[in-house]
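Whatever order the structure lists ligands and atoms in, that order sets their numbers, starting from 1. What you are looking at is a predicted structure, and each value in this text was computed from that prediction instead of being measured. For this chain, numbers begin at 1 and follow the sequence in order.
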Amino acid sequence: MKKDVRKAIIAGNWKMNKTPSEAKALLAQMIPLVKDATCEVVACVPYVDLAAAVEATQGTNIKIGAENCHWAESGAFTGEISTGMLKEIGVEYVVLGHSERRQYFGETDETVNKRVKAALAAGLKPIVCVGELLWERECDITEEVVARQIKLDLFDVSEEELQNVVIAYEPVWAIGTGKTATADQAEEVCALIRATIKKLYSPAAAEGITIQYGGSMNDKNADELVGKLNVDGGLIGGASLVADKFAAIVNAASNN
Ligand code: PEP
């Protein structure tokens with residue numbers, strides 16, 4: 001497997017943080033700090049910040065992503081946002097199946113799969129989050145859990161469509177807890193995910209797909225994590241809200 005056949009992506013997941021004016025200010029700080037990145041740089045921001053974020057990053061190397069989307073094109077889904085709405089304002093990425101959506105908002109692999117297919121059909125790039133609970137790791141079923149999520153979340157996604165899919169391995173016990181998976185743990189599961197993609201699709205699909213690590217990644221541990229062969233960047237929560245920390249992670253990915 002070769003790391004140089006796929007692009008590392010550092011994506012911030014801002015969660016429910018920053019108003020539109022705060023988003024503009026944070027992006028203005030980030031733009032000069034990440035302008036020479038050789039990895040892809042993405043900021044996934046709350047819905048109401050999206051238009052301001054797209055405008056603020058015009059002509060820069062920062063791409064904008066949403067944190068979720070609905071699968072229907074339109075209709076009676078009060079409070080939801082469609083892929084067409086995101087596309088029209090210039091959004092390129094969308095985080096899907098984040099563990100906080102699974103944990104607090106009833107997201108299932110079935111609904112993740114519907115959202116992934118809708119996002120791809122609209123020309124958005126889904127960042128599909130998978131990962132085990134602490135209890136599942138302790139029961140030694142991480143491999144089954146993650147392989148099952150991959151199979152279900154990508155059900156009926158063609159190999160051609162897969163080229164626009166990013167996978168984020170996010171062990172649930174490491175998200176927002178300050179507990180990071182060791183670089184070896186991250187590498188082991190990212191390699192398992194790549195092996196699952198190889199079985200489901202092909203060796204070329206497995207080599208080409210970007211698999212990020214996410215879970216308390218920061219400016220201090222990023223270098224070791226993204227240095228691993230199967231870790232192609234990261235999905236960053238807390239540290240993506242501080243411009244110089246986020247930029248340090250982007251630099252780590254650019255140098256690896
Ligand atoms: C996330 O929200 O996807 C995440 C990885 O958060 P944190 O970096 O804060 O653990």
Side-chain angles (χ1 to χ4, degrees), residues 8-18 22-23 26 30 34 39-47 49-50 53 62-69 93-105 107 109 112 115-116 119 125-134 136-137 142 145-146 149-150 153 165-183 185-187 189-190 193 210-226 228 230-253:
I9 302 175
I10 297 295
N13 171 22
W14 290 13
K15 313 194 188 203
M16 195 174 73
N17 292 293
K18 305 293 174 190
E22 290 169 344
L26 179 55
M30 282 177 182
V34 303
C39 63
E40 180 106 323
V41 184
V42 184
C44 299
V45 306
Y47 287 136
D49 295 350
L50 286 168
I62 302 182
K63 309 275 186 350
I64 298 302
E67 297 177 15
N68 197 13
C69 67
Y93 285 85
V94 58
V95 177
L96 293 175
H98 191 279
S99 63
E100 286 153 13
R101 303 280 338 156
R102 295 179 192 257
Q103 200 175 345
Y104 306 131
F105 301 101
E107 191 77 70
D109 287 309
V112 175
R115 294 178 210 275
V116 168
K125 294 177 184 164
I127 300 176
V128 183
C129 303
V130 297
E132 80 286 3
L133 305 171
L134 181 57
E136 291 167 332
R137 176 165 281 268
T142 299
V145 170
V146 171
Q149 287 173 326
I150 294 287
D153 297 353
V165 173
V166 176
I167 294 172
Y169 166 55
E170 298 212 310
V172 181
W173 48 271
I175 297 177
T177 59
K179 282 187 200 157
T180 320
T182 64
Q185 285 172 325
E187 167 65 11
V189 183
C190 289
I193 293 171
T210 295
I211 304 176
Q212 303 171 306
Y213 167 77
S216 300
M217 195 191 273
N218 59 40
D219 48 325
K220 309 265 179 320
N221 58 27
D223 195 49
E224 198 188 352
L225 286 160
V226 300
K228 290 290 178 186
N230 285 290
V231 180
D232 310 317
L235 182 58
I236 324 295
S240 71
L241 297 169
V242 183
D244 55 354
K245 289 190 180 172
F246 186 65
I249 300 170
V250 168
N251 282 338

Check: P46 and E67 side chains under 4.5 Å, non-hydrogen atoms: yes

Atoms in ligand 1 flagged as close to G215, the criterion being non-hydrogen separation under 4.0 Å: 5 (C), 10 (O)

Using a 4.5 Å cut-off on heavy atoms from C-beta on, say whether the side chain of V45 contacts that of L50. yes

Judged by heavy atoms only, the candidate from G12, G237, G234 nearest atom 6 (O) of ligand 1 is G237

Using a 4.0 Å heavy-atom cut-off, say whether I175 meets ligand 1 through its side chain, its backbone, both or neither. both

Which of the atoms in ligand 1, numbered in the order shown and given with their element, are less than 4.0 Å from a heavy-atom of G214? 5 (C)

Are the side chains of N68 and F105 in touch, meaning some heavy atoms are under 4.5 Å apart? no

Under 4.0 Å between heavy atoms, the region of A174 that gets near ligand 1 turns out to be backbone

Given 3.5 Å as the limit, does a donor-acceptor pair link the side chain of Q149 with the main chain of G131, or not? yes

A side-chain contact here means heavy atoms from C-beta on lying under 4.5 Å apart; do E100 and I175 qualify? yes

CG/L235 to OH/Y213 distance, rounded to the nearest 0.5 angstrom? 10.5 Å

Nearest non-hydrogen contact with atom 7 (P) of ligand 1 belongs to which option: C44, A239, S216? S216

Please check this pair: side chain of Y93 against backbone of A11, looking for a donor-acceptor N/O pair closer than 3.5 Å. no

Give the atoms of ligand 1, by number and element, whose distance to some non-hydrogen atom of L235 is under 4.0 Å. 3 (O), 5 (C)

Distance-only N or O hit between ligand 1 and H98, under 3.5 Å: yes

Polar proximity ligand 1 side, T177 side, N/O cut 3.5 Å exclusive: no

May I ask you to check if ligand 1 and G176 share an N or O to N or O distance below 3.5 Å? yes

Indicate yes or no: at least one non-hydrogen side-chain atom of E170 is less than 4.5 angstrom from one of H98. yes

Protein contact to atom 9 (O) of ligand 1 [nearest heavy atom, distance to 0.1 Å]: G238 N, 2.9 Å

